[in-house]
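Reviewing the structure listed below.
Chain letters run A, B, ... following the sequence lines, proteins first, then strands; residues in each count from 1.
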2 protein chains.
Amino acid sequence: MKQDSRLSATLHVLLHMADRGTPMTSEELAACLGTNPVVIRRTMAGLRETGLVRSEKGHGGGWTLARALDAITLGDVHRALGEPALIALGHRSENPQCLVEQAVNAALDEAFAEAEALLAGHFDRVRLSDLAADFSRRFDDRRQAHAKHDKAL
Amino acid sequence: MKQDSRLSATLHVLLHMADRGTPMTSEELAACLGTNPVVIRRTMAGLRETGLVRSEKGHGGGWTLARALDAITLGDVHRALGEPALIALGHRSENPQCLVEQAVNAALDEAFAEAEALLAGHFDRVRLSDLAADFSRRFDDRRQAHAKHDKAL
DNA sequence: TGTCATGTAACATAAAAAGTTACATGAAAC
DNA sequence: GTTTCATGTAACTTTTTATGTTACATGACA
């Protein structure tokens with residue numbers, strides 16, 4: 001199953017944008033991900049429509065966050081991306097005549113709905129500021145590790 | 001995201017096999033799903049190795065269930081299919097150098113692990129006999145609806 | 001007015017599920 | 001024993017979706 005990494009990519013990009021403060025071009029953001037600038041523009045288009053980011057053309061232009069990090073949840077981003085399916089499994093056919101298949105679909109739907117609701121709920125509770133805080137913690141950890149290493153030399 | 005419908009297909013096939021009682025050929029099972037016999041054989045190969053089904057060659061051959069319906073869970077079938085990923089979202093890269101990406105991965109992994117565990121747990125609690133019972137209920141419902149319809153004529 | 005940046009269409013690539021063809025192998029029927 | 005039926009499996013094609021790329025139009029600032 002090929003996995004959709006747009007949510008991961010978008011979160012990455014948004015955190016870099018917040019970290020920078022000033023507008024970042026599609027080219028700069030693409031470099032962060034090792035991808036193509038057009039991929040960035042295409043992906044960010046949805047976020048712009050939802051009001052999560054702003055874009056400016058011309059000199060000094062680029063992308064900026066339209067809200068504070070603590071005012072954006074993972075759920076907001078997921079919805080802005082068009083709510084891609086969370087569950088990797090699906091049915092063979094919708095509205096089958098076969099009663100066996102109807103029973104199978106019903107059982108799977110129930111299981112999927114449960115997991116999907118849990119995941120969606122989780123997404124709605126996690127803010128970008130939470131990720132930024134985790135980043136800061138990792139940053140400090142790395143700095144301390146380096147300091148220790150330098151001292152040992 | 002292309003969804004994997006092998007679990008759905010396999011459950012469908014297994015229930016038909018149980019309903020029949022005698023061996024069913026790949027061709028018959030393929031007809032149930034509107035697919036190709038080779039797809040059936042390929043998919044069932046994993047189930048045979050796990051001991052969920054048996055296959056016989058030659059005249060009167062075909063596929064039969066190796067266990068009772070209440071001794072097979074959805075989880076058994078999922079594992080026999082090679083445990084295909086349950087979550088449709090993924091990371092851009094594993095073990096990234098970028099601390100931002102590390103923070104993103106950590107946040108998503110946590111969310112995914114939670115949902116995946118819920119779904120896997122659900123699969124382990126549902127037996128094929130549960131689906132068969134639901135099928136029977138639907139069958140009776142349809143029969144009653146038909147009877148009512150006939151009476152009205 | 002030229003440069004920089006986004007906006008977007010159109011096309012190419014990659015990966016995985018699903019479908020197909022072809023043929024080898026083994027078991028039962030005749 | 002030979003024919004027929006069925007699985008076993010390799011190799012290939014098709015389809016779908018995410019992703020990557022090229023090309024060019026549009027708008028903003030120096």
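- Using a 4.0 Å cut-off, no side-chain N or O of R41(B) falls inside it from OP1 or OP2 of dG8(D).
- To the nearest angstrom, C1' of dG20(D) lies 14 Å from CZ of R6(A).
- Distance CG (L33(B)) to C1' (dA17(C)): 14 Å, rounded to an integer number of Å.
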Sort me out a list of protein N/O and nucleotides 25-28 of chain C N/O pairs below 3.5 Å, or just none if empty.
from, atom 1, to, atom 2, distance (Å)
dT25(C), O2, K57(B), NZ, 3.3
dG26(C), O4', K57(B), NZ, 3.1
dG26(C), N2, G58(B), N, 3.1
dA28(C), N3, H59(B), ND1, 3.3

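- The hydrophobic cluster around L118(B) extends to L118(A), counting ILVMFWY residues whose side-chain heavy atoms fall within less than 4.5 Å of a member.
- At dT6(C), none of the side-chain N or O atoms of S55(A) fall inside 4.0 Å of OP1 or OP2 (strictly under the cut-off).
- The nearest whole Å value for the distance from the CG atom in D4(A) to the P atom in dG20(D) is 12 Å.
- Salt-bridge formation is detected for the pair R137(A)/D134(A): a Lys NZ or Arg NE/NH1/NH2 atom is positioned less than 4.0 Å from an Asp or Glu carboxylate oxygen.
- Side chain of E116(B) to backbone of A85(B): no donor-acceptor contact under 3.5 angstrom is found.
- Toward the 5' end of DNA chain C, the nearer of the two residues W63(A) and R42(A), judged by each one's closest nucleotide, is W63(A).
- A sub-4.0 Å separation between OP1 or OP2 of dA5(C) and a side-chain N or O of T25(A) is absent.
- Note on T35(B): every side-chain N or O is 4.0 Å or more away from OP1 and OP2 of dA18(C).
- Across every non-hydrogen atom of Q3(B) and I87(A), the tightest pair is NE2-O, 3.3 Å.
- In summary, D130(B) and R127(B) do not engage in a salt bridge, as defined by a charged side-chain N under 4.0 Å from a carboxylate O.
- In this structure, the CE atom of M24(A) is 15 Å from the C1' atom of dT6(C), given to the nearest Å.
- Listed candidates were dT8(C), dA17(C), dG20(D). Nearest to the side chain of N36(A) is dG20(D).
- No side-chain donor-acceptor contact under 3.5 Å links H91(A) to the backbone of S5(B).
- Dense packing is recorded around CZ of R138(B), with more than 12 heavy atoms of other residues, nucleotides or ligands lying under 6.0 Å away.
- Atom P of nucleotide dT6(C) and atom CD of E27(A) are separated by 9 Å, given to the nearest angstrom.
- When each of E49(B) and V38(A) is assigned the nucleotide of DNA chain D bearing its nearest heavy atom, the one mapping closer to the 5' terminus is E49(B).
- Among the atoms of the strands shown, only primed sugar atoms or phosphate atoms (P, OP1, OP2) are found under 4.0 Å from some heavy atom of R48(A).
- Spacing between atom CD1 of I40(A) and atom P of dG20(D) amounts to 9 Å, rounded to whole angstrom units.
- A straight line from CG of L47(B) to P of dT7(D) spans 14 Å, rounded to a whole angstrom.
- If you take CD of Q3(A) and P of dA17(C), they are 11 Å apart, rounded to a whole angstrom.
- Looking at heavy-atom distances under 4.0 Å, R92(A) makes contact with sugar-phosphate atoms alone, never a base.
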